[in-house]
Enquirer: 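One structure, as structure tokens, below. Some questions next.
Start at 1 with the first residue, then count along the sequence.
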Amino acid sequence: MKKAIIYTRVSTDEQAKFGYSLRSQEEALRRYCKNGNIEVVQHYEDDFSGKDFDRPSFIQLIKYCQKEYKKIDLLLFTKW
């Protein structure tokens with residue numbers, strides 16, 4: 001079974017109103033993993049702008065990947 005990290009992010013209330021909420025993103029990613037027989041080993045989420053990668057959870061995600069890279073097959077998100 002492949003192992004994945006899922007990452008969700010929103011930056012505005014408008015995104016949450018139009019179906020891009022953290023919850024809807026997480027549900028979609030978890031459903032994808034369940035259907036694909038993929039184990040979710042970590043979930044990180046941010047509510048910061050996407051203008052750069054200086055986001056608290058994204059930084060934690062990078063640190064986790066650097067430490068546990070042999071245990072991770074996929075990094076999944078809904079939109080780049």
Enquirer: Supply the atom-to-atom distance Ile72 CD1 to Lys2 NZ, rounded to the nearest 0.5 angstrom.
Expert: 13.5 Å
Enquirer: Enter the distance from Glu26:CD to Thr8:OG1 here, rounded to the nearest 0.5 Å.
Expert: 6.0 Å
Enquirer: Do Phe77 and Ile62 share a hydrophobic cluster, counting only Ile, Leu, Val, Met, Phe, Trp and Tyr and linking them when any side-chain heavy atoms are less than 4.5 Å apart?
Expert: yes
Enquirer: Minimum heavy-atom separation for Ser57 and Asp46, please, with both atom names.
Expert: N-OD1, 3.0 Å
Enquirer: Mind checking the CD-CG spacing from Gln25 to Leu76? Nearest 0.5 Å is all I need.
Expert: 12.5 Å
Enquirer: Restricting to non-hydrogen atoms, name the atom on Val40 and the atom on Cys33 that form the minimum distance, rounded to 0.1 Å.
Expert: CG2-SG, 3.7 Å
Enquirer: Do you know the tightest heavy-atom contact between Met1 and Glu39?
Expert: SD-CB, 3.4 Å
Enquirer: side-chain contact (heavy atoms from CB on, under 4.5 Å) with Gln42: which residues, sequence neighbours excluded?
Expert: Ile5, Tyr44, Tyr64
Enquirer: Salt bridge between Arg23 and Glu27, side-chain N to carboxylate O under 4.0 Å?
Expert: yes
Enquirer: Going by the rule salt bridge (Lys or Arg N to Asp or Glu O under 4.0 Å), which residues pair with Glu45 if we only count those two or more places apart in sequence or in a different chain?
Expert: none
Enquirer: Tell me the closest heavy-atom pair linking Tyr7 and Leu75, and the distance in Å.
Expert: CB-CD1, 4.4 Å
Enquirer: Grab the two heavy atoms, one from Ala4 and one from Ile38, that are nearest each other, plus how far apart they are.
Expert: CB-CG2, 3.6 Å
Enquirer: How far does CZ of Phe58 sit from CG of Leu61, to the nearest 0.5 angstrom?
Expert: 6.0 Å
